[in-house]
Number of protein chains: 2
Amino acid sequence: MNQTNELKSSGLKVTLPRLKILELFQKNLPGAERHLSADDVYKILLGEQMDIGLATVYRVLTQFEQAGILVRRNFESGKALYELNEGEPHDHLLCVNCGQVEEFTDPQIYERQTEIAEKYGYVLHERAMSLYGLCATCQVKTKRR
Amino acid sequence: MNQTNELKSSGLKVTLPRLKILELFQKNLPGAERHLSADDVYKILLGEQMDIGLATVYRVLTQFEQAGILVRRNFESGKALYELNEGEPHDHLLCVNCGQVEEFTDPQIYERQTEIAEKYGYVLHERAMSLYGLCATCQVKTKRR
DNA sequence: CTGTATGCAAAATCTTTGCAGCCTG
DNA sequence: CAGGCTGCAAAGATTTTGCATACAG
């Protein structure tokens, strides 16, 4: 099984909480948000009749991040969101009204970031770029008020 | 007095805590970090023999942000940092080892961000970009270990 | 004097940690 | 069977809020 191996190769024992959480992110159900907070994950699993502790969710998410399975994002919301690590780095466009998250990649910006870090003598570890605004749908809704 | 007027024109009463906090950011002492957390501000003021409450610091920082005097930044550290709002937007390069903060502006990136938001139909409210890495000094230190 | 501002303490959030028992390998 | 894993409860860290008193205008 794919997920089982993914866990094993990260040196993690295969347990129900881990399988379920991994599945949540990999399944990618239509309409399901790719970006989930610890609490989101916790509530979803409770809703699926799982008996799980919030502490376990935090621990698993942290382990998955260290294993490179997930990526942790710090947006302005105040709570961390996790998403599947699909290799290619990307940035986010977030709607301040509905919370929708749009992903995009811009090689030109990526390139400039590298140049800037170099110019300042930094060895770059991470890049984070987020744009906040009103999505098209919410612009209409907001205007109506 | 300049600071007094800055407060008045924001509709805020001129009080000692507000003057002191404003001064802290405007003074820009050599070696002093431009980016301060609520707790940083609190500790500095306590060190100056001021009798102030942490809650007041949080309230004042929030008010200053709403008045456009300060800008709030959410870096990965988990706590918000504030800096003087000097009009022109800029981004940050942070050392993950010593916490040094380097500021930079890149019109090319700024331009691309605008284009991206437009492409996705967003009305942009805010942009946040932070690069994390090892500064030149810390690269040397780290290598020695 | 009136209403805003302050300090203190308590509460609210999000996240981490300690511990005894459970389960994987 | 050993050591990692889990749930629960408690503790931490950061930020917000309620309230009585103090102070600016």
Side-chain angles (χ1 to χ4, degrees), chain A residues 1 3-22 24 35-67 69-70 72-82 99, chain B residues 1 3-24 35-67 69-82 99:
Chain A
M1 199 203 218
Q3 296 171 331
T4 299
N5 288 332
E6 183 143 14
L7 291 178
K8 280 186 181 162
S9 67
S10 299
L12 297 169
K13 286 191 176 177
V14 179
T15 64
L16 191 58
R18 288 182 181 153
L19 281 174
K20 278 292 197 174
I21 292 176
L22 185 52
L24 238 189
H35 303 78
L36 302 174
S37 68
D39 199 56
D40 292 338
V41 170
Y42 179 59
K43 291 205 174 108
I44 292 173
L45 294 184
L46 282 188
E48 293 182 2
Q49 326 304 333
M50 258 205 80
D51 179 24
I52 196 172
L54 182 54
T56 300
V57 174
Y58 274 104
R59 276 184 292 233
V60 171
L61 291 176
T62 304
Q63 291 158 347
F64 281 7
E65 193 207 356
Q66 286 165 353
I69 299 171
L70 298 179
R72 178 190 170 123
R73 309 280 183 185
N74 294 289
F75 297 121
E76 292 197 354
S77 65
K79 44 187 178 179
L81 299 188
Y82 290 82
Chain B
M1 200 205 217
Q3 295 171 331
T4 299
N5 288 332
E6 182 142 16
L7 291 179
K8 279 185 182 163
S9 67
S10 299
L12 296 170
K13 288 192 176 177
V14 180
T15 64
L16 191 57
R18 288 180 181 155
L19 281 173
K20 279 291 198 175
I21 292 175
L22 185 52
E23 187 184 291
L24 237 188
H35 303 78
L36 303 174
S37 68
D39 198 58
D40 292 337
V41 170
Y42 179 60
K43 291 206 174 107
I44 292 172
L45 295 183
L46 282 189
E48 293 180 3
Q49 326 303 333
M50 258 205 82
D51 181 22
I52 196 173
L54 183 53
T56 300
V57 175
Y58 273 104
R59 276 184 292 233
V60 171
L61 291 176
T62 303
Q63 290 158 347
F64 281 8
E65 193 208 356
Q66 286 165 354
I69 299 172
L70 298 179
V71 183
R72 178 190 170 122
R73 309 281 182 184
N74 293 290
F75 296 122
E76 293 198 352
S77 66
K79 44 188 177 180
L81 300 187
Y82 289 83

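Proteins come first, then strands; the chains are lettered A, B, ... in the order of their sequence lines, and each starts at number 1.
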Tell me the closest heavy-atom pair linking [X] and [Y], and the distance in Å.
| X | Y | result |
| --- | --- | --- |
| A:Arg18 | A:Leu7 | CB-CD1, 3.9 Å |
| A:Asn74 | A:Ala80 | OD1-CB, 4.2 Å |
| A:Leu12 | A:Phe64 | CD1-CE1, 3.9 Å |
| B:Asp40 | B:His35 | OD2-O, 4.3 Å |

Taking N or O atoms only and anything under 3.5 Å, show me the protein contacts with nucleotides 18-21 of chain D, one pair per line.
| from | atom 1 | to | atom 2 | distance (Å) |
| --- | --- | --- | --- | --- |
| D:dG18 | O6 | B:Arg59 | NH1 | 3.3 |

I need the [X] [atom1] to [Y] [atom2] distance, nearest 0.5 Å.
| X | Y | atom1 | atom2 | result |
| --- | --- | --- | --- | --- |
| A:Gln3 | A:Ile69 | CD | CD1 | 10.0 Å |
| B:Leu22 | B:Glu6 | CG | CD | 5.5 Å |
| B:Glu65 | B:Leu70 | CD | CG | 8.0 Å |
| B:Leu45 | B:Glu23 | CG | CD | 9.0 Å |

At 10 degrees resolution, what angle do the end axes of the helix from C:dC1-D:dG25 to C:dG25-D:dC1 form when each is taken over five base pairs?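 Answer for the end axes of this duplex: 30°.
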Below 3.5 Å is the cut-off: list the nitrogen or oxygen pairs between protein and nucleotides 21-25 of chain C, distance only.
| from | atom 1 | to | atom 2 | distance (Å) |
| --- | --- | --- | --- | --- |
| C:dT24 | O2 | A:Lys13 | NZ | 3.0 |
| C:dG25 | OP1 | A:Val14 | N | 3.1 |

Measure [atom1]/[X] against [atom2]/[N] and give the value in whole Å, please.
| X | N | atom1 | atom2 | result |
| --- | --- | --- | --- | --- |
| B:Arg18 | C:dT4 | CZ | P | 11 Å |
| B:Glu76 | D:dT14 | CD | P | 16 Å |
| B:Ile21 | C:dA5 | CD1 | C1' | 12 Å |
| A:Leu54 | C:dG18 | CG | C1' | 16 Å |

Please, which pairs that meet salt bridge (charged side-chain N to carboxylate O under 4.0 Å, His left out) have at least one residue in residues 72-82 of chain B, sequence neighbours excluded?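 Found B:Arg73-B:Glu83.
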Atom pairs and distances, side-chain donor-acceptor, residues 48-62 of chain A, under 3.5 Å, sequence neighbours left out:
| from | atom 1 | to | atom 2 | distance (Å) |
| --- | --- | --- | --- | --- |
| A:Gln49 | NE2 | A:Gly47 | O | 3.2 |
| A:Thr62 | OG1 | A:Tyr58 | O | 2.8 |

Scan residues 36-52 of chain B against DNA chain D and write down, sorted by residue number, each residue with any heavy atom closer than 4.0 Å; if none is found, say none.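 DNA chain D contact set from residues 36-52 of chain B: none.
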Which residues pass the side chain to side chain donor-acceptor pair (under 3.5 Å) test with A:Thr15, not counting sequence neighbours?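 With sequence neighbours excluded, A:Thr15 shows a side chain to side chain donor-acceptor pair (under 3.5 Å) to no residue whatsoever.
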Toward the 5' end of DNA chain D, which comes first, A:Thr56 or B:Lys79, by nearest nucleotide?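 By nearest-heavy-atom nucleotide position, the 5'-most residue is A:Thr56.
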Is the phosphate of D:dT16, meaning OP1 or OP2, less than 4.0 Å from a side-chain N or O of B:Tyr58?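 So the side chain of B:Tyr58 is outside the cut-off, no N or O lying under 4.0 Å from OP1 or OP2 of D:dT16.
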Sequence-distant partners of B:Lys43, salt bridge (charged side-chain N to carboxylate O under 4.0 Å, His left out), two or more places apart: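 Per chain and number, B:Lys43 pairs via salt bridge (charged side-chain N to carboxylate O under 4.0 Å, His left out) with B:Asp39.
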Taking ring pair (Phe, Tyr, Trp, His ring centres under 6.0 Å) as the definition, give me every residue that meets it alongside A:Phe75, ordered by chain and number, with sequence neighbours left out.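 For A:Phe75, the residues satisfying ring pair (Phe, Tyr, Trp, His ring centres under 6.0 Å) (neighbours in sequence not counted) are A:His92.
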